[in-house]
Amino acid sequence: TSLMTSLMAGALVRLSLESANRALIIKKLVSMLYDKGQGGQGAQEQAAAALANLASDSAENRVSIVDAGGIAPLLSLLEGAHADCMLIAC
């Protein structure tokens with residue numbers, strides 16, 4: 001459900017406060033950007049928002065997002081029609 005996805009994304013962001021967890025969590029969030037199944041667009045929006053928060057924290061996080069393959073799915077969100085996704089992906 002959307003609520004569950006939101007809670008999971010929030011938990012991942014809180015866990016990412018520990019630097020040892022960051023790279024693994026960023027990979028999971030990037031994989032959520034590709035998820036068109038259960039959570040659908042809501043999951044993608046939550047993952048994009050979490051990645052945006054992490055990216056704003058440090059250059060190391062931005063590099064980890066790029067290394068995890070986050071650019072392509074974020075660009076796909078920008079190309080999509082949903083305005084909320086577009087704002088988050090920016």
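Side-chain atoms are counted along with the backbone in the values below, which use heavy atoms only and exclude waters and symmetry mates.
For the residue pair Arg22 and Asn61, the shortest heavy atom distance occurs at CD-OD1, 3.0 Å.
Annotation: side chain of Leu29 is in contact with side chain of Met32 (closest heavy-atom distance under 4.5 Å).
If you chain together hydrophobic residues whose side chains sit under 4.5 Å apart, Leu51 and Tyr34 fall into the same group.
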Output side-chain donor-acceptor pairs under 3.5 Å for residues 62-77, partner residues at least two apart or in another chain, one line each.
unit_1	atom_1	unit_2	atom_2	d
Arg62	NH1	Ala55	O	2.6
Arg62	NH1	Ser58	O	3.3
Ser64	OG	Glu60	O	3.1
Ser76	OG	Ala72	O	3.2

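In terms of the side-chain contact (heavy atoms from CB on, under 4.5 Å) criterion, residue partners of Ser31 (sequence neighbours excluded) are, by chain and number, Lys28.
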